[in-house]
Amino acid sequence: MLGSCAVPKFPKPVPEKPYVFLKKAASAQKADLVTLQQSKKRMAVVADYNVYPSSNVAFYSDGMKTFASVKDSGFAQRVVHGKINLYTDNINSYGRPASEKPLYYFCQKGDRAELRTMSYDCLKFMIEPSAPAHKMLTRYRTLNVVAWIMGSVSLGVTGVGLYQTAQDKTGKPGLPQNPSGVSICAAGIWGFVSSAILGEQNKLNLFKAIQKYNDLE
């Protein structure tokens with residue numbers, strides 16, 4: 001569902017009957033038809049004949065998709081429904097998530113709970129330490145530290161390589177005459193790129209932790 005075979009596939013959320021849940025209300029207001037109307041000046045949720053400014057709406061369903069308020073009266077679409085729900089406001093023209101980066105997702109534990117930007121710090125409180133899914137978070141934290149150390153060391157190595165390369169004082173045009181400096185610099189750049197790739201791939205463990213928690217706990 002998230003556009004890559006590397007990311008776990010989640011079941012599609014089950015559609016809910018149309019409703020509007022206001023931020024200051026105790027319960028949802030059911031309706032026959034709920035739509036989102038936008039103009040240059042405002043955005044509002046219309047439920048039958050009632051119009052609610054988007055800033056007053058916490059959640060709503062149009063009968064096919066469910067949305068939650070995020071980012072100053074904007075709305076994110078629910079794309080995963082379970083013990084931990086996932087929402088995103090980055091939807092492509094096909095109505096599917098347009099990114100696999102956790103930065104564009106919001107986590108929610110409980111259908112009326114506050115949404116939080118997806119991250120390790122968010123999930124470590126949503127997934128109990130005793131839960132098997134928490135092992136994926138531990139793996140994420142470990143690999144994150146490894147990637148950070150790799151990146152720092154590689155950056156230092158690149159600096160050493162640049163310094164050594166700069167010691168070539170032949171004054172001749174063309175490539176530097178210090179092969180060891182060039183080799184060290186290249187090794188540092190390769191290590192830095194590898195650490196960046198590891199860091200990006202590691203983020204998939206956050207999605208895997210949610211999948212395991214929703215499916216098996």
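Just so you know, these numbers use all the heavy atoms, side chains as well, and skip hydrogens, waters and symmetry mates.
Scored by the side-chain contact (heavy atoms from CB on, under 4.5 Å) test, Ala98 finds Asn90, Asn92 as partners (sequence neighbours excluded). With sequence neighbours left out, Tyr60 forms a ring pair (Phe, Tyr, Trp, His ring centres under 6.0 Å) with Phe67, Phe75.
Heavy-atom neighbours of Tyr19 OH from other residues, nucleotides or ligands within 6.0 Å: above the threshold of 12. Heavy atoms of other residues, nucleotides or ligands lying less than 6.0 angstrom from NZ of Lys135 number 12 at most. Residue Arg139 qualifies as open at atom CZ: its count of foreign heavy atoms under 6.0 Å is 12 or below.
Side-chain contact between Val57 and Ser69: absent, with no pair of heavy atoms (C-beta onward) separated by less than 4.5 Å. Residues Phe59 and Leu115 have side chains in contact (heavy-atom distance under 4.5 Å, counting atoms from C-beta outward). In this structure, Val20 and Leu22 have side chains that are in contact, with non-hydrogen atoms separated by less than 4.5 Å. Side-chain contact between Asn214 and Ile84 is present, with at least one heavy-atom pair separated by less than 4.5 Å. Within the 4.5 Å cutoff, no side-chain heavy atoms of Lys109 are placed close to those of Glu114. Residues Met150 and Ser194 form a side-chain contact, since some pair of their non-hydrogen atoms from C-beta on lies under 4.5 Å apart. Using a 4.5 Å heavy-atom threshold, the side chains of Lys208 and Tyr213 count as separate. In this structure the side chain of Val45 reaches within 4.5 angstrom of the side chain of Val34, judged on heavy atoms.
Side chains of Asp111 and His81: a donor-acceptor N/O pair is present below 3.5 angstrom, by distance only.
Minimum interatomic distance between Asp32 and Pro18 (heavy atoms only, all atoms of both residues): O-CG, 3.9 Å. Considering all non-hydrogen atoms of both residues, Glu200 and Lys101 come closest at OE1-NZ, 2.9 Å. Across all their heavy atoms, Tyr87 and Gln108 have their closest contact at CE1-OE1, 3.2 Å.
Under the 4.5 Å side-chain heavy-atom criterion for grouping Ile, Leu, Val, Met, Phe, Trp and Tyr, Leu123 is not connected to Met136 through any hydrophobic cluster. Hydrophobic clustering of Ile, Leu, Val, Met, Phe, Trp and Tyr side chains at less than 4.5 Å, counting indirect connections, unites Ile127 with Phe207. If you chain together hydrophobic residues whose side chains sit under 4.5 Å apart, Met118 and Leu137 fall into the same group. Taken together through direct or relayed side-chain contacts under 4.5 Å among Ile, Leu, Val, Met, Phe, Trp and Tyr, Ile91 and Met43 form parts of separate hydrophobic clusters. Note: the hydrophobic cluster containing Ile210 also contains Met126 (ILVMFWY, side chain heavy atoms under 4.5 Å, direct or indirect links).
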